[in-house]
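In what follows, a single structure is set out as structure tokens and then discussed.
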Number of protein chains: 10
Amino acid sequence: MLYMVEMIVQIPHSLDPALVAQIKQDEKEYSQKLQREGKWRHIWRVVGEYANVSIFDVQSNDELHGLLSGLPLFPYMQIKVRPLANHPSSIVQE
Amino acid sequence: MLYMVEMIVQIPHSLDPALVAQIKQDEKEYSQKLQREGKWRHIWRVVGEYANVSIFDVQSNDELHGLLSGLPLFPYMQIKVRPLANHPSSIVQE
Amino acid sequence: MLYMVEMIVQIPHSLDPALVAQIKQDEKEYSQKLQREGKWRHIWRVVGEYANVSIFDVQSNDELHGLLSGLPLFPYMQIKVRPLANHPSSIVQE
Amino acid sequence: MLYMVEMIVQIPHSLDPALVAQIKQDEKEYSQKLQREGKWRHIWRVVGEYANVSIFDVQSNDELHGLLSGLPLFPYMQIKVRPLANHPSSIVQE
Amino acid sequence: MLYMVEMIVQIPHSLDPALVAQIKQDEKEYSQKLQREGKWRHIWRVVGEYANVSIFDVQSNDELHGLLSGLPLFPYMQIKVRPLANHPSSIVQE
Amino acid sequence: MLYMVEMIVQIPHSLDPALVAQIKQDEKEYSQKLQREGKWRHIWRVVGEYANVSIFDVQSNDELHGLLSGLPLFPYMQIKVRPLANHPSSIVQE
Amino acid sequence: MLYMVEMIVQIPHSLDPALVAQIKQDEKEYSQKLQREGKWRHIWRVVGEYANVSIFDVQSNDELHGLLSGLPLFPYMQIKVRPLANHPSSIVQE
Amino acid sequence: MLYMVEMIVQIPHSLDPALVAQIKQDEKEYSQKLQREGKWRHIWRVVGEYANVSIFDVQSNDELHGLLSGLPLFPYMQIKVRPLANHPSSIVQE
Amino acid sequence: MLYMVEMIVQIPHSLDPALVAQIKQDEKEYSQKLQREGKWRHIWRVVGEYANVSIFDVQSNDELHGLLSGLPLFPYMQIKVRPLANHPSSIVQE
Amino acid sequence: MLYMVEMIVQIPHSLDPALVAQIKQDEKEYSQKLQREGKWRHIWRVVGEYANVSIFDVQSNDELHGLLSGLPLFPYMQIKVRPLANHPSSIVQE
């Protein structure tokens, strides 16, 4: 089941740079693991913004919330989730 | 080059149903041709809305505008385009 | 799986009253069938508005979109869908 | 009498973690007590957000404000309240 | 129990003037009856707008929705309802 | 002359609690004095929010601004003022 | 007493051109009469828009609403009114 | 003097196609004349929208309003004007 | 040439009170000098807000930006500028 | 390929002034280098705001994001990017 997830990252300027670097590293590993598992199907950078647009493929709303709220950057993110369905014109029906 | 395109369709209720059906048919053919050509990479339905979220892969802004303004449903659409770039965490670099 | 769905109804004043009455009747029957099936778990009126807030319990995004886009009033609705998950404080875990 | 209450939680990053943990614990107990009393009828997590959507069943506006402003997390919340009424299509009339 | 109700009136220009005059007359009588009954406690004109701000005093959400959806001008109104409670600083406690 | 004034209070979490308590006390006395003088005609709590909706009855814009900017909580408030006039349907003409 | 009034004009395209011309003429006369009386102190065109920003000088909210709702173009206007007061830095105190 | 002007075009679907074609032709000639005169310095299409972003170089606000309100498409446009000034980092100072 | 300038002042609560008092004093002198020179034609207080609406009369966009960015309070302001033109109904043509 | 980029700068008041001055200097050099290379084609100041509107001419979305995210002021900016295409009325076709 597919969801479009938009994530805007806003890290407080006052946060310790070393901590920030660690969180970002953890975030990258966390994300790439899910990508390899096929759950985080796409992640693209929105040009000009510290934000991404992603497509998740998971079994349920609860699974998605678990994955998102587990993001190391979650406390510093504004996230908007939109559930997606098959489009009648799509030549790929999931 | 990737772009996220959000399309909300608002067909006036007063439009002749036969004309609407024809436009929708043309739209489907137009879209599927571009999907087969790899330019319209993804099209998903936003659940609950007469709207879609799509990912286009084209060579330039001008090419994208040509494709979008050529949509049979273009006169009845609100379209928002966001250019995408490779995300440093993505395991797929275009 | 639960979703919160907000529906604002805007029927054009110019629509034939008899047609409107029929659509509303169909809508009621359509809704009550889904309620009896447990898919449309709650439907409440937003005080002062021709709008409702509903809780759906379905198996997938696609199922939900099928149900919503099949609503007789769908062409005259603004719909916003928010996927819900279990809340850690809830004494009812689905 | 039913109300839909949307709560977005924004805890300042600078707050002492131990204090935060205590407040969250108090919040959970406070909420579960009201749920057992039937006043806080539903609480769902909005997927991807530190926010919930809840349905309260209370006797008056004043009672509701008392319950909400008494939430341990109240100082860190954005709350929107919408009064609900019976929907003519609902197969459950309160 | 008190509610603040904001009503913006938007009558289509195409509506028959005689019908409009009749609806407005019915609206005035409907409103003044409720005012005399003490349910529609205040109604003020928002300067410069075809809109009013009103204070209702009713027993329940359902009663309020019944009164509002029964307004002759209801089909041509945008209504926003905010439940009110006693303010700790008010020298009048309801 | 009547004005509707909406006040949203946002006190920084970092402010000294003793100072906050003092300001709130001063605010209450300030408000109740104006209420007794008939200038602050109504003050209601917006359910679920640290906000109020008030009706002021003063002689001029300048007088209203003087009263509002003199509020002890003024530095921590978002205030929106809407001038009100007599409504043709009101059974009370000021 | 001063008020800033912003007026956006939206005349339906379907309105009879002769009627529109007449209304505009009436509007100009109406406005210039009030300007000569000193009530409509300033009227400026917002560059690029069929809109104006005006400063009114009247005795009360009710007087202002009477003047605005009497505008021939009133049915085709979106109006926003903001009450103004003397600014402590102004070298002109009204 | 430079201004950024954003123009969104919304032509009613009900307008006679021949009239629309004529207006568009007039608009093109009107625009190209001003471009050749150096007043309409840039005009770009916003990708995916029936809208443009333009840079005007004129002597005054009044001149700009005259040019914009004279656009054949003016009645069907939403226009937003932002005055521009020299940027301290710009290697071109006007 | 006239411009309407709306200025909302948001001084951080943490700023040293003595510094704030000095900045405000400088702001008043800066403003009154420009008023006497006829450049800052009007400055009014928006009732209930730490904000003003002003009318500037300057020769160019660049001059206006110089004046505004030179305001002692500029770092603590949200400013919106709208260029104004002569209104055809105005009995005063600049 | 052209893009319109709007940049609003919000530097925290608490940042060390010397650091701020250095960042601004780096920003100016960074920008002017790109201007000389023809990538940053235009940069204009939005009157009254610490913001600019710029036109970039680059080969791809990725190149643009690299340039923008490399801005010394990037961490303190809100950036909005809109891809531009040739306008059919433009006398300059890129």
Side-chain angles (χ1 to χ4, degrees), chain H residues 1-9 21 23-58 60-61 64 67-68 71-73 77 80-94, chain J residues 1-9 21 23-58 60-61 64 67-68 71-73 77 80-94:
Chain H
M1 227 171 26
L2 301 187
Y3 298 79
M4 187 173 88
V5 180
E6 297 166 66
M7 308 180 203
I8 299 173
V9 182
I23 295 175
K24 287 185 179 179
Q25 185 52 35
D26 297 345
E27 179 87 3
K28 187 167 186 173
E29 284 161 24
Y30 184 96
S31 165
Q32 295 193 332
K33 178 172 171 293
L34 292 177
Q35 290 179 60
R36 285 191 296 273
E37 292 171 5
K39 299 196 176 194
W40 195 328
R41 196 184 275 201
H42 300 285
I43 176 170
W44 297 292
R45 172 63 80 215
V46 177
V47 172
E49 303 182 39
Y50 190 1
N52 74 63
V53 163
S54 291
I55 304 295
F56 279 78
D57 183 1
V58 290
S60 70
N61 295 346
L64 181 57
L67 297 181
L68 294 176
L71 284 165
L73 279 174
M77 279 181 164
K80 200 174 96 177
V81 173
R82 282 195 279 176
L84 301 177
N86 280 298
H87 190 286
S89 293
S90 180
I91 59 176
V92 173
Q93 294 297 319
E94 309 258 353
Chain J
M1 226 169 30
L2 301 186
Y3 298 80
M4 188 174 86
V5 181
E6 297 165 66
M7 307 180 202
I8 299 173
V9 182
I23 294 174
K24 286 186 179 180
Q25 184 51 36
D26 298 345
E27 180 87 4
K28 187 168 187 173
E29 285 161 23
Y30 184 98
S31 165
Q32 295 193 331
K33 177 173 171 294
L34 292 176
Q35 290 179 61
R36 286 190 296 272
E37 292 171 6
K39 299 194 175 193
W40 196 327
R41 195 183 277 200
H42 300 285
I43 177 170
W44 297 291
R45 172 65 79 215
V46 178
V47 172
E49 303 182 38
Y50 191 3
N52 75 63
V53 163
S54 292
I55 304 295
F56 280 79
D57 184 0
V58 291
S60 71
N61 295 346
L64 181 57
L67 297 182
L68 295 176
L71 285 165
L73 279 175
M77 279 180 165
K80 201 173 95 179
V81 173
R82 282 194 279 175
L84 301 178
N86 281 298
H87 191 285
S89 293
S90 180
I91 60 176
V92 173
Q93 295 295 320
E94 308 260 352

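So that the names make sense, note that chain A is the first sequence line, chain B the second, and so on, each numbered from 1.
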F56(J) side chain reached by L68(J) side chain, heavy atoms, under 4.5 Å: yes

Got M1(H) and E94(H) here, is their nearest side-chain heavy-atom distance under 4.5 Å? no

Is it the backbone or the side chain of Q93(H) that comes under 4.5 Å from a heavy atom of chain J, or both, or neither? neither

Out of A85(H), S54(H), G48(H), return the one with the most heavy atom pairs under 4.5 angstrom to chain J. A85(H)

Any side-chain heavy-atom pair of R82(H) and E6(H) under 4.5 Å: yes

Test your reading of the model: is there a side-chain donor-acceptor pair from W44(H) to the backbone of V46(H), 3.5 Å cut-off? no

Please classify the contact of S31(H) with chain J as side chain, backbone, both or neither, using a heavy-atom distance under 4.5 Å. side chain

Quick one, L84(H) and R45(J) - any side-chain contact, counting heavy atoms below 4.5 Å? no

Among V92(J), I43(J), I55(J), which has the most heavy-atom pairs under 4.5 Å with chain H? I43(J)

Given a strict heavy-atom distance threshold of 4.5 Å, which part of L2(H) is in contact with chain J: side chain, backbone, both, or neither? side chain

K28(J), M4(J), K24(J), Q35(J): which one forms the most heavy-atom pairs within less than 4.5 Å of chain H? Q35(J)

